[in-house]
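Comments concern the structure below.
The model shown is predicted, which means the values in this text are computed figures rather than measured ones.
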Amino acid sequence: MITVHIAGIGLCGPGMADWTAARAVLCGEAPLDDTPPKPVAAILPPAERRRCGQATRYALQVAQEAMAQADFPPAQAAVV
């Protein structure tokens, strides 16, 4: 058996700009607004941010949120 530990959650999508907003929508506490959020990949320098695609910005925003919740420094993340 594999043991898994979730230290942080990140989420970004239409009507759910982050985990806090998504949790409220998923629990029925807030209505779903289909407006897509504008992802900000703050971890990237401005020049790189302008060149990367929207999917990359979404992925980086979600990763940043999860790492912040887990109190995990982004510089320590193993990337390929």
Side-chain angles (χ1 to χ4, degrees):
M1 182 189 319
I2 297 174
T3 302
V4 177
H5 174 78
I6 298 173
I9 299 172
L11 194 143
C12 185
M16 297 179 264
D18 57 18
W19 173 243
T20 304
R23 187 172 184 274
V25 170
L26 296 171
C27 289
E29 299 166 357
L32 176 63
D33 175 12
D34 288 348
T35 306
K38 184 168 174 84
V40 178
I43 197 169
L44 290 177
E48 295 292 326
R49 205 175 313 144
R50 285 191 298 272
R51 290 186 206 124
C52 72
Q54 187 174 18
T56 302
R57 287 192 298 271
Y58 274 109
L60 289 172
Q61 179 170 322
V62 168
Q64 287 171 205
E65 182 181 10
M67 286 188 273
Q69 283 186 15
D71 198 28
F72 186 85
Q76 290 184 3
V79 295
V80 176

**Asked** Is there any salt bridge (Lys or Arg N to Asp or Glu O under 4.0 Å) pair reaching into residues 39-64, and which pairs are they, with sequence neighbours excluded?
**Response** Glu48-Arg51
Pairs of donor and acceptor atoms involving the side chains of residues 31-41, under 3.5 Å and at least two apart or interchain, shall be tabulated with distances.
unit_1: Asp33; atom_1: OD1; unit_2: Thr35; atom_2: N; d: 3.3
unit_1: Asp33; atom_1: OD1; unit_2: Thr35; atom_2: OG1; d: 2.9
unit_1: Asp33; atom_1: OD2; unit_2: Thr35; atom_2: OG1; d: 3.3

**Asked** Remaining members of Leu44's ILVMFWY cluster at a side-chain heavy-atom cut-off under 4.5 Å?
**Response** Ile43, Leu60
**Request:** Can you tell me which residue pairs pass the side-chain hydrogen bond (donor to acceptor under 3.5 Å, both in side chains) test with a partner in residues 60-71, sequence neighbours excluded?
**Result:** none
Solution key, residues 2-24 side-chain donor-acceptor pairs under 3.5 Å, sequence neighbours excluded:
unit_1: Asp18; atom_1: OD1; unit_2: Thr20; atom_2: N; d: 3.4
unit_1: Asp18; atom_1: OD1; unit_2: Ala21; atom_2: N; d: 2.9

**With sequence neighbours excluded, residues passing side chain to side chain contact (heavy atoms under 4.5 Å, CB included) with Ala75** = none
